[in-house]
Amino acid sequence: MITDIQQEIIKLKKEKDICILAHCYQNPEILEVADFVGDSFALSVEASKVSNKTVIMCGVRFMAETVKILSPDKTVYLANPSAGCPMAEMMDKETIAQVKEKYPDYTVVAYINTTSELKTICDVCVTSSSALKICKKLDSDNILFIPDCNLGDWISKQLPEKNFKLLNGGCPTHAKMSVKDVQNAKAQHPGAKFLVHPECKPDVVALADYVGSTTGIMSFAKESDAKEFIIGTENSIVTHLQLECPDKSFYPLSKDCICHNMKATTLVDVLNCCKGTFGEEIVLDEEIYVGAKRCIDEMIRLG
Ligand code: 13P
Ligand code: SF4
């Protein structure tokens, strides 16, 4: 029974003083054993406040790295070492170093969904919630925004006074959604508000009633007087919203909007990580730790 595995995890958590973090895209049976559920940066902040010496991140690699950077004295594990984010890993340090040489007077803004190694050569990090505020606050009017060109496009349209350089990167899960998906969903639910994540393509984002981060979408849906919503982000958010707002109705923009990288972590992985037979301890070189921390600290200072 799934509950037997969950009970074993809960027992081991207590015995071994472990805190379990689960990104809100994780499978439900993992969410049930987590101490905190949320978006990646919020989880890192929560982990930095707990007294537990060991933290297990159920999410993708860059998220576990962010946890380690904010809690360097804790032992941090990624529950499934193969869980990576294709967007975070699509641009390497050497490529971006070359782009920087071409645009020396540009401030490099990195989405938090990047490797720690890449963060070391960027000026500041942003989350999807803080990107607009931070880009606006920067002294520089020239911004090289990496890696997500869709998020970068959405920010740039709101800051026409700044010059943005975007590269061809992004989230394959969100980029899959099309205008056709929006037309189909709106035809099926004509009264529904359409809420979308800015990792989606600009032509999809242009059709939305609200554009925002996971947290933004959830707050908008909870506070809105509307009763029906089409959700243009990872489909776990449809379930979270339906649980939190039982009187409202939520529909996925597309049945395909599932992040298989996030779903790679299983409950058994979490159990084995608690036992110490699976998972990977996140160890960052001093140079990477210092460089990536500077980029994240700048985000905290500006955000
Ligand atoms: P946010 O939760 O920061 O909006 O990001 C969505 C996402 O794609 C996480 O990997
Ligand atoms: Fe990466 Fe996209 Fe999955 Fe988020 S949803 S972890 S950005 S691939």
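Whatever order the structure lists ligands and atoms in, that order sets their numbers, starting from 1.
Under a 4.0 Å N-O distance rule, the pair Lys222/Glu244 qualifies as a salt bridge.
Against a heavy-atom cut-off of under 4.0 Å, Asp39 is close to the following atoms of ligand 1: 2 (O). In summary, the atoms of ligand 1 found under 4.0 Å from a heavy atom of Glu199, numbered by their order in the structure, are 5 (O), 6 (C), 7 (C), 8 (O). When each atom of ligand 2 is checked for a heavy atom of Pro86 under 4.0 Å away, the hits are 8 (S). Atoms of ligand 1 found under 4.0 Å from any heavy atom of Tyr111, numbered from 1 in the order shown, are 5 (O).
Counting protein heavy atoms only, atom 3 (Fe) of ligand 2 is closest to Cys259 SG, 2.4 Å. Among protein heavy atoms, the minimum distance from atom 1 (Fe) of ligand 2 is reached at Cys85 SG, 2.3 Å. Of the protein's non-hydrogen atoms, His23 NE2, 3.8 Å is the one closest to atom 9 (C) of ligand 1.
The closest side-chain donor-acceptor pair between Asp39 and Thr215 falls under 3.5 angstrom.
Neither the backbone nor the side chain of Met87 comes within contact range of ligand 1; no heavy atom lies under 4.0 Å. Within the 4.0 Å heavy-atom criterion, the part of Tyr25 lying near ligand 1 is the side chain and not the backbone. At a 4.0 Å heavy-atom cut-off, ligand 1 touches Thr214 through backbone and side chain alike. The proximity of Asn113 to ligand 1, defined as any non-hydrogen pair under 4.0 Å, is limited to the side chain. Within the 4.0 Å heavy-atom criterion, neither part of Glu234 lies near ligand 1. With a 4.0 Å cut-off on non-hydrogen atoms, Glu199 touches ligand 2 through its side chain and not its backbone.
By the 4.5 Å heavy-atom criterion applied to side chains, Cys24 and Thr214 are counted as neighbours. By the 4.5 Å heavy-atom criterion applied to side chains, Val67 and Leu21 are counted as neighbours.
The residue among Gly59, Cys171, Ala175 with a heavy atom at the shortest distance from atom 2 (Fe) of ligand 2 is Cys171.
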